[in-house]
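Let me begin by presenting the structure, written as C-alpha cells, before commenting on it.
Because only heavy atoms are used, hydrogens play no part in the values below, and waters and symmetry mates are left out as well, while side chains stay in. Indexing begins at 1, ligand by ligand and atom by atom, following the structure's order.
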Amino acid sequence: MPSATESAEIRSHRPSVVGADEGPKPEYPRRMEGVVEHGFKRGSKDLGFPTANITVEGVPWLNEDGLENTNASSIETMKGTSPTKDPIDGVHFGWVSLRLHDTHPDLQTPPKIQPQHSPDRKSKDHAIFPLSDLKTPPPSSSNWRIYPMVMSIGFNPFYGNKERSAEVFIMNDFQEDFYGDYMRVSILGYIRKELNYIDVESLKNDINTDVDVALKSLARENWGVGKEESWLLGEGYSQELFEEKTREAEERARKKEAIEKAGKEKEKENEAKI
Ligand SMILES: Cc1cc2nc3c(=O)[nH]c(=O)nc-3n(C[C@H](O)[C@H](O)[C@H](O)COP(=O)(O)O)c2cc1C
Ligand SMILES: Nc1ncnc2c1ncn2[C@@H]1O[C@H](COP(=O)(O)OP(=O)(O)O)[C@@H](O)[C@H]1O
C-alpha cells in the first residue's frame with residue numbers, strides 16, 4: 001500500500017488524460033462478464049458513486065501479472081509511459097454494457113451520461129465534460145446498452161477488505177437498479193493505484209477526478225467502443241450462459257451469508273464470555 005507521502009505525491013500529479021492518443025496498450029481489452037452482484041452495502045450510493053459488483057472468479061488475466069510493474073514508479077504508470085504491462089489492481093476505465101431486464105425504465109430512454117453525478121461534481125474545480133464529444137453508440141433495439149465506466153479492482157485499502165473485488169461505476173444516471181442483470185466490462189486503460197484516505201471526502205474527490213479522466217480519455221478518436229462493440233452488444237451471449245453465471249453468483253451469495261452469520265454468532269459468543 002502506498003505511504004501517505006506517496007499518496008499525496010500521486011494526487012498532486014494527476015494527469016487529465018491517460019493512455020496514448022494512438023489507442024489502448026496491447027494487453028487491452030481486458031474483459032470481465034457476469035451478473036451484477038451485491039457488494040458490501042457501505043452505502044456507496046450516498047457517496048454519489050454506486051458500484052456494480054462483478055465476480056473476480058474465473059477471470060484468467062486477473063492472476064497473470066500485476067507484479068511486472070514493480071520497477072515503474074506510480075507517476076510513470078499514471079502518465080501511461082511505463083513500457084511494461086499495467087497492473088491488475090487499481091482504478092481502470094473503459095466501456096461497460098448491461099443487458100437490462102425487460103421492465104427496466106432505462107430501456108425506454110437513450111443513455112444519459114451524468115458527469116455531475118455526485119453533489120461534489122457541481123464544484124467549479126471539475127470541468128463539465130462536453131457530452132457531444134463522447135462517441136457513445138446509439139442504443140440498440142435489444143436489451144443491451146453500452147456506457148462509459150471507471151472501476152476499481154483490489155482490496156479497497158480505505159475499507160481494508162479481505163477479499164479482492166471488482167466494482168464498476170457507470171457514467172449514466174439510472175432510474176432503477178439492475179442487480180442480477182448481465183454485465184460485460186471491457187477495460188481499456190489504467191488510471192491509478194488504489195489508495196488509502198484520511199476521510200471519505202478525499203476518496204470522493206479522487207473518484208470525481210477518475211470520472212473526468214476516464215471521460216476525457218475515452219472521448220479521443222482511438223478510444224471508442226470500436227472492435228468491442230459486437231461483444232458488448234451480446235455476441236456469444238446465451239440464456240444458458242446467463243443461467244450458469246446466475247447459479248454461480250447465488251452460490252457465492254449463500255457462502256457470503258453463511259460466513260457473515262458465523263461471524264455474528266462468534267461475536268455474540270465472545271460478548272457473552274466477557
Ligand atoms: C473509480 C473508483 C475508484 C476507487 N478508488 C478507491 C481507492 O483508491 N481506495 C479505496 O479504498 N477504494 C476505492 N474505491 C472503492 C470504493 O471504496 C468502493 O466503491 C466502496 O467500497 C463501495 O463498496 P460497495 O459498493 O461494495 O458497498 C474506488 C471505487 C471506484 C468506483
Ligand atoms: N451509475 C451506476 N453505476 C453502478 N451501479 C449503479 C448505478 N446506478 C445505480 N446502480 C445500482 O446500484 C448498485 C450498487 O449500489 P451500492 O450502494 O454500491 O451497493 P452494493 O454494496 O450492493 O454494491 C448496482 O448494483 C446497481 O444495481
- Message: Under 4.0 Å, counting heavy atoms only: does Asp181 come that close to any atom of ligand 2?
- Response: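 Not so, Asp181 does not reach ligand 2.
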Find all atoms of ligand 1 within a distance of less than 4.0 Å from any non-hydrogen atom belonging to [X], and give their numbers and elements.
X	value
Leu195	7 (C), 8 (O), 9 (N), 10 (C), 11 (O)
Gly39	26 (O)
Asn156	10 (C), 11 (O), 12 (N), 15 (C), 17 (O), 18 (C), 21 (O)
Tyr197	7 (C), 8 (O), 9 (N)
Ser152	4 (C), 14 (N), 15 (C), 28 (C), 29 (C)
Val150	1 (C)
Glu194	8 (O), 12 (N), 13 (C)
Thr51	19 (O), 25 (O), 31 (C)

Below 4.0 Å, non-hydrogen atoms only: which portion of [X] touches ligand 1? Side chain, backbone, both or neither.
X	value
Leu203	side chain
Phe49	neither
Val91	side chain

Under 4.0 Å from ligand 2, counting heavy atoms only, is it the side chain of [X], its backbone, both or neither?
X	result
Val36	side chain
Phe178	both
Asn53	side chain

- Item | Heteroatom distance test (Phe174, ligand 2): nitrogen or oxygen, under 3.5 angstrom |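 Among all N and O atoms of Phe174, none is under 3.5 Å from an N or O of ligand 2.
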Checking [Y] against [X]: is there a side-chain donor and acceptor pair closer than 3.5 Å?
X	Y	value
Asp86	Tyr28	yes
Glu167	Ser165	yes
Tyr197	Asn205	no

Side chains of [X] and [Y] in contact at under 4.5 Å (non-hydrogen atoms):
X	Y	value
Thr55	Arg252	yes
Tyr179	Glu37	no
Val168	Thr51	no

Between ligand 1 and [X], is the shortest N or O to N or O distance under 3.5 Å?
X	value
Phe169	no
Arg192	yes
Met151	no

In terms of atom number and element, which parts of ligand 2 are under 4.0 angstrom from non-hydrogen atoms of [X]?
X	value
Gly39	20 (P), 21 (O), 22 (O), 23 (O)
Asn172	1 (N)
His38	22 (O)

- Under 3.5 Å, is there a donor-acceptor pair between the side chain of Ser97 and the main chain of Ile146?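 Judged by distance alone, no pair lies under 3.5 Å.
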- Message: I'd like to know if the side chain of Asp199 reaches the main chain of Ser202, judged simply by a donor and an acceptor atom lying under 3.5 Å from each other, with no hydrogens or angles considered.
- Response: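 Yes, the answer is positive, given that a donor and an acceptor are paired below the 3.5 Å cut-off.
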- Between the candidates Phe169, Tyr179, Phe49, which shows the shortest non-hydrogen contact distance to atom 25 (O) of ligand 2?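 When every heavy atom of Phe169, Tyr179, Phe49 is considered, Tyr179 comes closest to atom 25 (O) of ligand 2.
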- Task: Hey, can you tell me if Phe169 and Phe49 have their rings parallel, tilted or perpendicular (30° and 60° cut-offs)?
- Result: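 Rings of Phe169 and Phe49: perpendicular, over 60°.
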- Task: Classify the angle between the aromatic ring planes of Tyr147 and Phe174 as parallel (below 30°), tilted (30 to 60°) or perpendicular (above 60°).
- Result: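 The rings of Tyr147 and Phe174 stand perpendicular, inter-plane angle above 60°.
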- Please check if Phe155 and Ile88 belong to a single hydrophobic cluster, counting links between Ile, Leu, Val, Met, Phe, Trp and Tyr side chain heavy atoms closer than 4.5 Å.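 No, Phe155 does not connect to Ile88 through the hydrophobic network.
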- Mind checking whether Ile187 and Val56 sit in one hydrophobic cluster, side chains of I, L, V, M, F, W, Y counted as touching below 4.5 Å?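 The answer is yes; both residues are in one hydrophobic cluster.
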- Supply the atom-to-atom distance Lys261 NZ to Lys266 NZ, rounded to the nearest 0.5 angstrom.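 It is 15.5 Å, given to the nearest 0.5 Å.
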- So, His101 versus Phe178, ring centres under 6.0 angstrom or not?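 No, the ring centres sit 6.0 Å or more apart.
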